[in-house]
Enquirer: 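Dropping a structure here in structure tokens format, bear with me for questions.
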Amino acid sequence: MIAAEERRKTLEATKLNELKAKMSRIEEAAKKRDEKTQEFINATKSALDQKMKIHTEKHEEFLGDLISKVKDHLEIVDKHRQSTTESGDKMTEEVRNSLEERLRTASEQREEHLRKQLERLKEHAESCARVREDNKQKLEKLQIIQEQIQSKLKDAENRRSIHEEKLKSKLVEHVSIC
């Protein structure tokens with residue numbers, strides 16, 4: 001009887017040890033999965049931030065270059081106007097009218113070009129804003145998925161503990177019967 005009881009105890013002890021080993025492996029797997037998920041989220045977020053920073057810098061550089069080109073062009077046009085007004089006494093009325101017409105059309109074309117550039121820049125800014133919003137939504141979705149995974153892991157852990165309790169109670173009943 002004593003030998004049978006010792007065998008039962010050793011059998012129960014081995015079963016408990018096996019359960020503990022399985023539990024520890026499950027917990028390690030869950031921990032690794034959480035770490036990988038967090039690394040992915042962090043890497044994605046940093047990559048998106050870096051892309052947005054580079055894009056903003058390029059955009060500002062482009063605008064600066066465009067403004068400087070427009071200023072240079074306006075200075076050249078002003079110098080040309082001044083030189084034509086100073087030498088205007090020598091020119092005939094027809095030549096003066098021709099030059100004024102050219103300047104007016106050039107000015108209109110310049111204004112049209114600038115208007116188109118501004119429209120393109122506005123569209124580009126709107127596009128950037130949409131991309132930022134999309135990235136923000138994707139990040140929020142990732143966080144929601146992470147929360148869902150966490151809740152599922154907690155549910156699984158609760159079910160596992162309930163199952164363990166059932167097994168322990170059955171084991172206790174079995175031991176008390178024997």
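Positions are given from 1 along the sequence.
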Enquirer: Take atom NE2 of H124 as the centre, draw a 6.0 Å sphere, and report whether it contains more than 12 heavy atoms from other residues, nucleotides or ligands.
Expert: yes

Enquirer: Looking at R110, E111, E112, which one forms a side-chain contact (heavy atoms from CB on, under 4.5 Å) with L114?
Expert: R110

Enquirer: Does K71 form a side chain to side chain contact (heavy atoms under 4.5 Å, CB included) with I67? I'd like the steps, not just the answer.
Expert: CA-CA 6 Å; K71 284 181 181 178; I67 288 171; 3.8 Å; yes

Enquirer: Quick one: pull up NZ in K152 and CG in D155 and give me the separation to the nearest 0.5 Å.
Expert: 9.5 Å

Enquirer: If I take atom NE2 from residue H174 and atom OG from residue S169, how far apart are they, to the nearest 0.5 angstrom?
Expert: 13.0 Å

Enquirer: With rounding to the nearest 0.5 Å, note down the distance linking CD in E100 to CZ in R81.
Expert: 9.5 Å

Enquirer: Please determine if E75 and K79 form a salt bridge, counting it only when a charged side-chain N lies under 4.0 Å from a carboxylate O.
Expert: no

Enquirer: To the nearest 0.5 Å, what is the distance between CD1 on I41 and CD on Q143?
Expert: 6.5 Å

Enquirer: Does E6 form a side chain to side chain contact (heavy atoms under 4.5 Å, CB included) with I2? I'd like the steps, not just the answer.
Expert: CA-CA 6 Å; E6 289 178 5; I2 294 170; 3.6 Å; yes

Enquirer: Assess whether atom CD of Q38 is packed by more than 12 heavy atoms of other residues, nucleotides or ligands within 6.0 Å.
Expert: yes

Enquirer: Using a strict cut-off of less than 4.0 Å between a Lys/Arg side-chain nitrogen and an Asp/Glu carboxylate oxygen, indicate whether R115 and E119 qualify as a salt bridge.
Expert: yes

Enquirer: Starting from the C-alpha separation in whole Å, work towards a yes-or-no answer on side chain to side chain contact (heavy atoms under 4.5 Å, CB included) for L48 and L139.
Expert: CA-CA 10 Å; L48 288 175; L139 185 61; 5.9 Å; no

Enquirer: Does atom CD (Q137) have a neighbourhood of more than 12 heavy atoms from anything else shown, all under 6.0 Å?
Expert: yes

Enquirer: Which atom names give the shortest non-hydrogen contact between L66 and L121, and what distance separates them?
Expert: CD2-CD1, 4.4 Å

Enquirer: How far does CG of L167 sit from CG of L171, to the nearest 0.5 angstrom?
Expert: 8.0 Å

Enquirer: Can you tell me if T105 uses its side chain to pair, donor with acceptor, with the backbone of E101 under 3.5 Å?
Expert: yes

Enquirer: Quick check on the hydrophobic clustering: are V70 and F62 connected, directly or via other members, by side-chain heavy-atom contacts under 4.5 Å?
Expert: no

Enquirer: Atom CG of D134 and atom NZ of K138: how far apart are they, to the nearest 0.5 Å?
Expert: 6.0 Å

Enquirer: Shortest non-hydrogen contact from C128 to H55?
Expert: SG-NE2, 2.6 Å

Enquirer: Is it the case that the side chain of S107 and the backbone of L103 share a donor-acceptor pair, with hydrogens and angles ignored and the cut-off at 3.5 Å?
Expert: no

